[in-house]
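Just so it is clear: chains get the letters A, B, ... in the order the sequence lines come, proteins before strands, and each one is counted from 1. Model, not experiment: these values are computed from the prediction.
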There are 2 protein chains.
Amino acid sequence: MKKKITLKQIARELEVSISTVSKALKDSGEISKDTKDKIRAFAKMSNYRPNSIALSLKNRQTKNIGVIIPEIVHHFFSTVIKGIQTYANTKGYNLIICVTNESYEKEVINIELLANGSIDGFILAISEETEMKNNFDHLKEITEQGIPLVLFDRVTNEVACDKVIIDDKVGAYKAVKKLIDNGNKKIALLTTASYFSVSKERDRGYRQALLDNNFEINENLILELDHFDMDDTPIEEFFDKQEIDAVLSVNETFGIRAMRVVQRKGLKVPEDISFIGFTDGLLSRYANPRLTTVDQHGGRMGEAAAEMLIEKIESEEENEIYRTEVIKSTLIEGDSTIN
Amino acid sequence: MKKKITLKQIARELEVSISTVSKALKDSGEISKDTKDKIRAFAKMSNYRPNSIALSLKNRQTKNIGVIIPEIVHHFFSTVIKGIQTYANTKGYNLIICVTNESYEKEVINIELLANGSIDGFILAISEETEMKNNFDHLKEITEQGIPLVLFDRVTNEVACDKVIIDDKVGAYKAVKKLIDNGNKKIALLTTASYFSVSKERDRGYRQALLDNNFEINENLILELDHFDMDDTPIEEFFDKQEIDAVLSVNETFGIRAMRVVQRKGLKVPEDISFIGFTDGLLSRYANPRLTTVDQHGGRMGEAAAEMLIEKIESEEENEIYRTEVIKSTLIEGDSTIN
DNA sequence: TATCAACACTCAAACGGTTTCGTAGCATTT
DNA sequence: AAATGCTACGAAACCGTTTGAGTGTTGATA
């Protein structure tokens with residue numbers, strides 16, 4: 001087993017000083033060609049690579065980005081990570097990824113763990129529990145410490161930092177508009193509990209589109225579901241108690257599940273009832289029929305977030321100007337709506 | 001903005017030496033109670049946390065694990081990551097995740113980038129291109145440098161290290177056995193190009209099961225597909241040219257796509273034709289009918305890999321004894337087979 | 001009254017690099 | 001011959017922490 005070689009060892013071996021070795025490898029003009037060649041040959045032979053920890057300590061930068069997300073087995077979030085990776089890699093940054101499992105405590109712990117010099121900045125989507133508690137002190141603290149932070153998707157106004165979101169409201173609006181234009185009258189909304197920032201925006205878009213088109217808002221047409229409850233009974237009851245001709249779902253799974261429920265009831269999609277979901281993931285793509293969706297462009301969000309963060313990290317001045325970038329959502333026409 | 005505070009600053013502020021501060025915070029017996037109390041109070045007040053980079057340099061351990069995977073927007077791999085996280089977190093390790101996009105070059109680069117002291121060990125699934133090239137020098141190199149390495153899922157015998165795999169062959173065998181027991185006669189296999197280690201094993205299990213039950217192996221019943229080709233024509237032709245009453249697919253997507261093709265042809269699943277896929281992901285769960293699958297237990301694989309790696313990292317002796325842990329796959333009965 | 005241990009600290013080296021400054025040795029200028 | 005300028009290298013500080021060795025003061029012991 002050949003251990004990692006250091007400058008010191010090279011220096012001793014070649015009987016020069018450590019600084020000479022360092023300078024030679026950096027192609028400094030201070031070192032003669034002969035010495036340089038000798039040192040470089042030896043370094044190459046012994047496969048020398050500078051220790052990145054030592055560099056981090058010296059330069060006070062780690063070239064690591066802390067990415068904190070609520071869930072990883074999740075199409076949208078993994079897409080965002082991919083986007084972050086793509087951009088970060090071109091800039092020489094690595095990703096330290098922590099999953100909070102939607103827990104407030106884990107979010108706090110992970111942030112504290114990384115804020116001690118392990119990373120140059122954070123990219124984070126707020127966990128459900130944190131949104132519920134509405135407590136963002138841990139985030140304020142890192143910004144106060146001067147650690148750059150970019151929030152994406154699940155954001156809050158409480159914290160002054162860069163943000164990347166999609167136009168959830170507009171996305172929902174466009175979806176409902178399409179359903180209305182197709183002649184649908186009873187348009188339902190499948191959503192999650194109302195304290196989630198994204199659901200809230202989508203809910204707003206839904207209502208706005210209805211109002212703008214002279215529809216009345218019927219609260220009976222709005223069904224709140226729980227992520228973790230896999231029981232379809234509430235969905236069945238919802239569709240049993242009233243006639244519905246179109247559905248907007250704030251995510252993929254509710255949409256797919258509802259589609260199955262109505263299909264089992266013998267309805268045809270999209271002839272009898274139309275569906276539009278959020279998130280253009282695998283589920284939507286492989287659904288039968290292919291679900292029409294509002295694409296959130298997770299990849300682009302990730303890239304945007306990474307770009308904003310790295311810009312902040314590498315800029316000298318401490319400007320306190322924060323931007324919020326809005327990624328445009330797109331309606332992807334599948335076969336669950338009439339096109 | 002309050003910058004991170006260091007031992008040196010505390011020392012200056014309290015007019016003691018750096019070592020006194022350090023020792024006081026570590027509750028050393030060398031320091032008097034009075035001084036200790038004073039220092040600890042100040043440290044707490046100023047929210048002191050030791051710089052983890054400095055500690056890494058000193059202790060020559062980073063408490064970071066490098067995880068290198070071919071793809072992240074992928075149910076199986078993200079499940080594995082989750083498993084790794086779960087175990088690693090309990091041991092105080094963080095994850096640095098790199099995605100190779102199935103590229104050999106990216107695999108090499110990412111390994112080199114992290115092998116310079118950034119991580120204490122690697123968990124890795126070999127990229128497709130690397131499997132194709134059959135070149136594992138970069139992996140051999142890190143083991144030679146004494147950096148612990150655990151390979152999972154996509155492994156090779158060329159590299160001496162710990163491994164975690166599932167019993168792909170047995171999984172496929174059990175699946176085919178079930179199809180045979182259900183009375184099916186024409187059992188097809190949907191697979192990928194043959195140089196992928198996992199496909200190879202699943203192929204073997206398929207053949208073995210057939211042979212053991214006195215079936216002839218008919219190469220016409222085996223269809224090789226490309227991941228990235230979304231065109232269903234080859235699948236359609238495959239099912240057009242012959243009668244098939246059961247299908248084993250080496251992944252989810254081929255299975256779901258084939259199921260849709262035959263459903264469009266008017267066949268009923270599972271009455272007319274049965275399907276079993278590998279990977280129990282969202283797609284299978286939300287498919288219509290719910291796909292019967294061979295569950296690979298990605299989470300357990302991840303946990304096992306993390307456990308093996310951390311054990312190696314934290315063990316003093318350099319034993320050259322390597323284990324291969326085999327995770328048992330389970331047949332999850334959905335509605336795409338007769339149960 | 002020396003001697004010695006205990007106490008409560010400080011010093012300095014080390015981890016592996018980078019970088020500023022200093023200087024020995026030589027050649028060139030005046 | 002003295003002053004100057006280059007070249008090519010070394011010494012040392014620094015990043016933030018740990019830790020073994022060293023030190024000055026006190027009180028007890030022989």
Protein-nucleotide distance ([X], atom [atom1]; [N], atom [atom2]), rounded to Å:
X	N	atom1	atom2	value
A:Leu14	D:dC9	CG	C1'	14 Å
B:Ile10	D:dT17	CD1	C1'	12 Å
B:Ile53	D:dT18	CD1	C1'	16 Å
B:Ile39	C:dA8	CD1	C1'	11 Å
B:Ile18	C:dA8	CD1	P	22 Å
A:Asn51	C:dA14	CG	C1'	14 Å
A:Lys63	C:dG17	NZ	P	18 Å
A:Asp27	C:dT19	CG	C1'	16 Å

Classify the nucleic acid contact of A:Ser22 as base, sugar-phosphate or nothing, counting any heavy atom under 4.0 Å across all strands shown.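 It contacts base atoms.
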Under 4.0 Å, heavy atoms only, any strand: does B:Leu55 hit a base, just the sugar-phosphate, or nothing?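 Result for B:Leu55 = sugar-phosphate.
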Below the 4.0 Å mark, does [N] have OP1 or OP2 next to a side-chain nitrogen or oxygen of [X]?
X	N	result
B:Ser32	C:dC9	yes
B:Thr35	C:dA8	no
A:Lys33	D:dA8	no
B:Arg60	C:dG16	yes

Starting at the 5' end of DNA chain C, which residue's closest nucleotide do you reach first, B:Leu57 or B:Glu30?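 Taking each residue's closest nucleotide, the earlier one in sequence belongs to B:Glu30.
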Under 3.5 Å donor-acceptor pair, [X] side-chain atoms to [N] base atoms:
X	N	answer
A:Lys23	C:dT20	yes
B:Lys4	D:dG16	no
B:Ser19	C:dC11	yes

Strictly below 4.0 Å, N to O, side chains only: are B:Lys38 and B:Glu15 in salt-bridge contact?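 Salt bridge absent between B:Lys38 and B:Glu15.
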Does atom [atom1] ([X]) have a neighbourhood of more than 12 heavy atoms from anything else shown, all under 6.0 Å?
X	atom1	value
A:Asn134	CG	yes
A:Asp137	CG	yes
B:Lys140	NZ	yes
B:Glu105	CD	no

Among D:dT17, C:dG17, C:dC9, which is the nearest nucleotide to the side chain of B:Ala54?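 Looking only at heavy atoms from C-beta outward on B:Ala54, the closest nucleotide is D:dT17.
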